[in-house]
Amino acid sequence: MNMKGKILIADDEIHILRVLELKFKTAGYEVIKAETGREAWDKIVSQHPEVIISDYQMPEMNGLELAEDLFETPELRDIPIILLTARGFSLTSDDLLGTNIIQMITKPFSPRALLSVVENMLEASGVS
């Protein structure tokens, strides 16, 4: 089976990781999972996914810190990031400067809608 691409999903909520892993694997993507920001960083550096879906609130390194560190690393700077945030939480456009966060999605969200966002993003970038 031909994989569509590699997606890294970072979230410390195991049920969200499992639901998204199933959704993306069923759609033909290779899924890399991480439960902390530090684990996500290590896996991104070693496996170079096409897209990163990261929760904002995670142990060791939050999603914004992860995005800032990636942006400061030339070979990882262009990987698009979708940031998952809690309801009532918001970041300003200034907060997103120096990151490659291209979309923020508030929890709870539809896994189908998230898959659609990723597929449209990859199609626009010519990956899928």
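Because only heavy atoms are used, hydrogens play no part in the values below, and waters and symmetry mates are left out as well, while side chains stay in. Count residues from 1 along the sequence.
Nearest heavy-atom pair, Val31 versus Phe24, reported as atom, atom and distance to 0.1 Å: CG2-CB, 3.7 Å.
At least one side-chain heavy atom of Leu122 sits under 4.5 Å from a side-chain heavy atom of Glu50.
With sequence neighbours excluded, the residues forming a side chain to side chain contact (heavy atoms under 4.5 Å, CB included) with Glu35 are Ile14, Leu17, Glu39, listed by chain and number. Judged as a salt bridge (charged side-chain N to carboxylate O under 4.0 Å, His left out), and not counting sequence neighbours, Lys6 has no contacts. For Tyr56, the ring pair (Phe, Tyr, Trp, His ring centres under 6.0 Å) partners at least two apart in sequence or on another chain are Phe89. The side chain to side chain contact (heavy atoms under 4.5 Å, CB included) search around Ser93 returns none, not counting sequence neighbours. Applying the salt bridge (charged side-chain N to carboxylate O under 4.0 Å, His left out) test to Glu65 and every residue at least two apart in sequence or in another chain returns nothing. Partners of Asp78 by side chain to side chain contact (heavy atoms under 4.5 Å, CB included), not counting sequence neighbours: none found.
Considering CD of Glu13 and CZ of Arg18, their distance stands at 12.5 Å, rounded to 0.5 Å. Between the CE atom in Met121 and the CD atom in Glu123 there is a gap of 12.0 Å [rounded to 0.5 Å]. The OG atom of Ser54 lies 7.0 Å from the CG atom of Leu84; values are rounded to the nearest 0.5 Å.
Hydrophobic cluster membership differs between Ile105 and Val19, with clusters built from Ile, Leu, Val, Met, Phe, Trp and Tyr side chains linked at under 4.5 angstrom.
One N or O on the side chain of Asn100 and one on the backbone of Ile79 form a donor-acceptor pair closer than 3.5 Å.
Under a 4.0 Å N-O distance rule, the pair Lys33/Asp11 does not qualify as a salt bridge.
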